[in-house]
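Note that the structure is predicted; figures quoted are calculated from it, not measured. In what follows, every chain begins at residue 1, and chains take the letters A, B, ... in the order their sequences are listed.
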Amino acid sequence: MTGITDARAFPLRPAKRKGGDAGNAGIGSKPGFLSYGILLAVLLGSAYPLWWSFVVGSGTNATRAETFPLIPGGNFFANASQVLGAIPFWQALGNSLIVSSIITVSVVTFSTLAGYAFAKLRFRGRDGLMIFVIATMAIPTQLGIIPLFIVMRELGWTGELGAVIVPTLVTAFGVFFMRQYLVDVIPDELIEAARVDGANQIRTFINVAIPAARPAMAILALFTFMMAWTDYLWPLIVLDPTNPTLQTALGQLQSGYYVDYSIVLAGAILSTIPLLILFIVAGRQLISGIMQGAVKG
Amino acid sequence: MTSTLDRPDLAVPAPKRPATRERLTWRQRLGRFDVKASPYAYISPFFVLFGLTGLFPLVYTLVVSVHEWELLQGQGEFVGLENFANVLQDRFFWNSIFNTLSIFLLSTVPQIAMALVIAAVLDQALKARTFWRMSVLLPYVVTPVAVALIFSSMFNEADGLANNLVGLLGIEPIQWKHDTLASHIAIATMVNWRWTGYNALILLAAMQAVPRDLHESAAIDGAGTARRFFSITIPSIRPTLIFVIITATIGGLQIFAEPKLFDVSSAGGIGGYDRQFQTTVLYLWEMAFFRQNFGEAAAIAWLLFLLIVGIGLINFFISKRIATAEGRVIKKRTAKRLATKEVGK
């Protein structure tokens, strides 16, 4: 991994970088030992809790008593299979995949449609509605859980995955994010040209907006997936322990008077593997997405 | 659809004379309807779904909060503000507010300070830049539930890693799960671990937008690293800093998974045997689904919302003030420096 990868780390707005960061320095021109020392400490702080969990999760409960365990034991698979016996792990994993995928597709689709309309089409009430969208971004989701639960129970959806999926089919943040991106990225002339060529509105959207929006759609998808995957409170309320998502199933490992931490930690590691893979594959996009959001925000 | 056929149809200018209107073909009318109606068609799925799943519950929470309302019996009689009055007189509610604010301060303040330092370190000509950035972000992919499991094991009082390390320093084992302050520190540690790197990357992006010549000219003027950090970097990234502080506030006041899973065995996951780390969202959950009192739970939801808005506003004004004050000092300093330079010539 070298520093040359910057162009890929910033796929979204290469033109707007002032000065760039390729070889350009901020505060101290030459990062010295102190800088690398701090980074090394941060790396250890980030990674050691995970490594420690793996070491304990692959040992026995006695491993945890060691002051500073570093070497993994040979019990990971034994502990992992105990996890699989204690909670419906595969079912939970499948549920989490279904829930997060449907939410992601829905949020990205509707956000792109609405974001494009807000960014590039002229219509009555546009500005007022956009302000409304921005204002609703600040509303915490916890505020609505009680009525949502009442409604879900009336509908007989409690215990079903639909009850987890439906409340998050759209997000105000998604619309805002896509609008902010598309407003800069599609020149008005391009839409005009498509119109002159005889494309109707939906054709323009498909042929002009979607190709331009693709990088932002990928980032929005990544973050929406993460959000849906990590959610704990709402699935805990609305699903049964027999049909959980990965997060609520994982929470069950901790219940009971006697807790065998080597099994709990094996479960924590096991459940983190899918996101670790995602992180290795899409880490750069995640980083650029976060940094992109900052420039916008 | 061939473009030659459609071109004249859609390129028709807006009808200024009513006479031409009569002569529009159905195709032209369709085209115009397309232009007018499409935007609404594109935004309506969002607004319809958002109305059902976002706005309706919001209003309905208010309705629930002014009624007697039990989980099983459902809607009871109208009680006005009684639920709010009960909640405001409830010492467990105030206990949860205290815990939330305490954990919030212990997590937000060090988190943003650390994120600033990490961002400044990352904002240099580093070797293996992407590697360092990824290492900073690693904890973000561990879900709050997994974080809670990992750290509640680390902070286990009898033989957890935290007390093992503390023991090396010759300190008595700390009662991480019994003592109020210690448990708050432990929970804040979880939040800090997961979010510091994320915030550092946001701040890093803002730092990279600061013009480099500002740093260079300050360096020529003899300003050291720390001085430039406080006098140039922080004022320049002000809007982003405010953004980070506000999002950290909104997140920090809604902590749930971490206290819920920190010590399940002692009291069924309501935030400690003596509620010493029960946050407000956790209390809301307990009120609704343990005690099954939806009316009071809805009142708690509204009070929490007001608290979040209130603290968000306070944060906004404080950070705005601090940053502008710093900005002013710099302007003055630069003016002075320029003046002395002029004189020196």
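- Looking at B/Tyr198, the atoms closer than 4.5 Å to chain A (heavy atoms on both sides) sit in the backbone and in the side chain alike.
- In this structure, the portions of A/Val166 lying under 4.5 Å from any heavy atom of chain B include both its backbone and its side chain.
- The parts of A/Leu275 that come within reach of chain B are both its backbone and its side chain, each placing non-hydrogen atoms under 4.5 angstrom from that chain.
- With a threshold of 4.5 angstrom between heavy atoms, A/Thr109 does not approach chain B through any atom at all.
- Proximity to chain B (any heavy atom under 4.5 Å) is shown, for A/Leu39, by both the backbone and the side chain.
- Contacts of residues 44-54 of chain A with chain B at a heavy-atom distance below 4.5 Å involve A/Gly45, A/Ser46, A/Ala47, A/Tyr48, A/Pro49, A/Leu50, A/Trp52, A/Ser53, listed in sequence order.
- In this structure, chain A has heavy atoms under 4.5 Å from both the backbone and the side chain of B/Ala297.
- For A/Leu236, the part lying near chain B is the side chain, with the backbone staying farther off; criterion is any non-hydrogen pair under 4.5 Å.
- Residue A/Leu278 does not touch chain B at all, counting heavy-atom pairs closer than 4.5 Å.
- With a 4.5 Å cut-off on non-hydrogen atoms, A/Val175 touches chain B through its side chain but not through its backbone.
- There is no contact between A/Arg126 and chain B, counting heavy-atom distances below 4.5 Å.
- Looking at A/Leu40, the atoms closer than 4.5 Å to chain B (heavy atoms on both sides) sit in the backbone and in the side chain alike.
- Judged by distance alone, the side chains of B/Asn192 and B/Thr196 never bring a donor and an acceptor atom under 3.5 Å apart.
- Only the side chain of A/Ile38 has a heavy atom closer than 4.5 Å to any heavy atom of chain B.
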